[in-house]
*Asks:* 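Below you will find the structure I want to go over with you.
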Amino acid sequence: AQSVSQHNHHVILSEAASLELGCNYSYGGTVNLFWYVQYPGQHLQLLLKYFSGDPLVKGIKGFEAEFIKSKFSFNLRKPSVQWSDTAEYFCAAFSGGYNKLIFGAGTRLAVHP
Amino acid sequence: NAGVTQTPKFRVLKTGQSMTLLCAQDMNHEYMYWYRQDPGMGLRLIHYSVGEGTTAKGEVPDGYNVSRLKKQNFLLGLESAAPSQTSVYFCASSATQRDTQYFGPGTRLTVL
């Protein structure tokens, strides 16, 4: 079955540390990939997305993600996190064969000042 | 431009009661979705709609019904609530099936 796996359920960092959140999807073919963020008490917002072209995608608030087709991965990165990045991060993938957006279980990030 | 709105924000039900959650979008999107969010499980699709008058089952449709009588509205109904339906419910909409989904603020439902 199609699935999206996020390797870390909880991540704790200090401010200015670098961040990398892993995401792998299980299906081949053409996929559209997304990272959403959910700040405490708020709804999901789009951070960035990959449809085609340059596999290094830049999003809002200094986030970026790299699509590596051979590894079925779409990892999220930020060179220097801030306390305001404390949130839950969801990776999601849309496959034309399955015709639905599948979400990973999410990664809770806590950034300490 | 309100985007996607949901009512109510919070609700407490007793087992066996029924209720309807309302989702409205003002972006003229064709596609609308209902998800439930449970700890450690991400978002799971309950039902979705590809246009006015259409509905389809998602990953976890049992115990829920939906209707899309108007393009801008997507209603989620619980006919006989069960404690297993305690969750946070999110509505979303998108212009196309592959495109970015825009989410509402969520409804926190507790079933006692």
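Numbered from 1 within each chain, the chains take letters A, B, ... in sequence-line order.
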*Asks:* Less than 4.5 Å to any heavy atom of chain A: does that hold for the side chain of B:Gln6, its backbone, both, or neither?
*Replies:*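 No part of B:Gln6 comes within 4.5 Å of chain A.
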*Asks:* Got a second to check how far B:Tyr35's OH is from A:Leu44's CG, nearest 0.5 Å?
*Replies:*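 Going from the OH atom of B:Tyr35 to the CG atom of A:Leu44 covers 9.5 Å.
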*Asks:* Taking a hydrophobic cluster as the set of Ile, Leu, Val, Met, Phe, Trp and Tyr residues connected by side-chain heavy atoms closer than 4.5 Å, whether directly or through intermediates, do A:Val37 and A:Leu109 fall within one such cluster?
*Replies:*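 Linked, A:Val37 and A:Leu109 end up in one cluster.
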*Asks:* Name the region of B:Asp99, side chain, backbone, both or neither, that has any atom closer than 4.5 Å to a heavy atom of chain A.
*Replies:*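 Both backbone and side chain.
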*Asks:* Looking at every heavy atom in both A:Ala105 and B:Gly40, which two are closest together, and how far apart are they?
*Replies:*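 Scanning both residues completely, I find the closest heavy atoms to be CB-O, 3.4 Å.
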*Asks:* What's the separation between atom OH in B:Tyr102 and atom CG in A:Leu46, rounded to the nearest 0.5 Å?
*Replies:*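 Reported value, rounded in 0.5 Å steps: 7.0 Å.
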*Asks:* Could you have a look at B:Arg108, B:Gln101, B:Met41 and say which one has the most heavy-atom pairs with chain A under 4.5 angstrom?
*Replies:*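 Ranked by contacts with chain A, first place is B:Gln101.
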*Asks:* Of the backbone (N, CA, C, O) and the side chain (C-beta and beyond), which part of A:Gln6 lies under 4.5 Å from a heavy atom of chain B, both, or neither?
*Replies:*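 Interface part for A:Gln6: neither.
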*Asks:* Are B:Leu21 and B:Leu43 connected in the hydrophobic side-chain network, where two residues link if heavy atoms are under 4.5 Å apart?
*Replies:*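 B:Leu21 and B:Leu43: separate clusters.
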*Asks:* Is it true that, when you exclude A:Arg108 itself, more than 12 heavy atoms of the residues, nucleotides or ligands shown sit nearer than 6.0 Å to its CZ?
*Replies:*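 12 or below, so no.
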*Asks:* Count I, L, V, M, F, W, Y as connected when their side-chain heavy atoms are under 4.5 Å apart, and connections chain through other members. Are A:Phe74 and A:Leu76 then in the same cluster?
*Replies:*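 Yes: a chain of side-chain contacts under 4.5 Å links A:Phe74 to A:Leu76.
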*Asks:* Of all the heavy-atom pairs spanning A:Lys100 and B:Lys57, show the shortest one and how long it is.
*Replies:*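 Scanning both residues completely, I find the closest heavy atoms to be CE-O, 3.9 Å.
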*Asks:* What about B:Leu22 and B:Met19, same hydrophobic cluster or not, with Ile/Leu/Val/Met/Phe/Trp/Tyr joined at side-chain heavy-atom distances under 4.5 Å?
*Replies:*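 The answer is no; the residues belong to distinct hydrophobic clusters.
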*Asks:* Do B:Ile46 and B:Val4 sit in the same hydrophobic cluster, where Ile, Leu, Val, Met, Phe, Trp and Tyr count as joined when their side-chain heavy atoms come under 4.5 Å apart?
*Replies:*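 In one cluster with B:Ile46: B:Val4, no.
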*Asks:* Do you know the tightest heavy-atom contact between B:Thr100 and A:Tyr36?
*Replies:*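 The answer is CG2-OH, 3.8 Å.
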*Asks:* What heavy-atom pair brings B:Phe90 and A:Gln38 nearest, and what distance separates the two atoms?
*Replies:*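 That closest heavy-atom pairing would be CZ-NE2, 3.2 Å.
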*Asks:* Can you tell which part of B:Leu45 gets under 4.5 Å to a heavy atom of chain A, answering side chain, backbone, both or neither?
*Replies:*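 Side chain only.
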*Asks:* Which pair of non-hydrogen atoms, one from A:Phe94 and one from B:Arg98, has the smallest distance, and what is that distance?
*Replies:*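 Residues A:Phe94 and B:Arg98, closest heavy atoms: CE2-CG, 3.2 Å.
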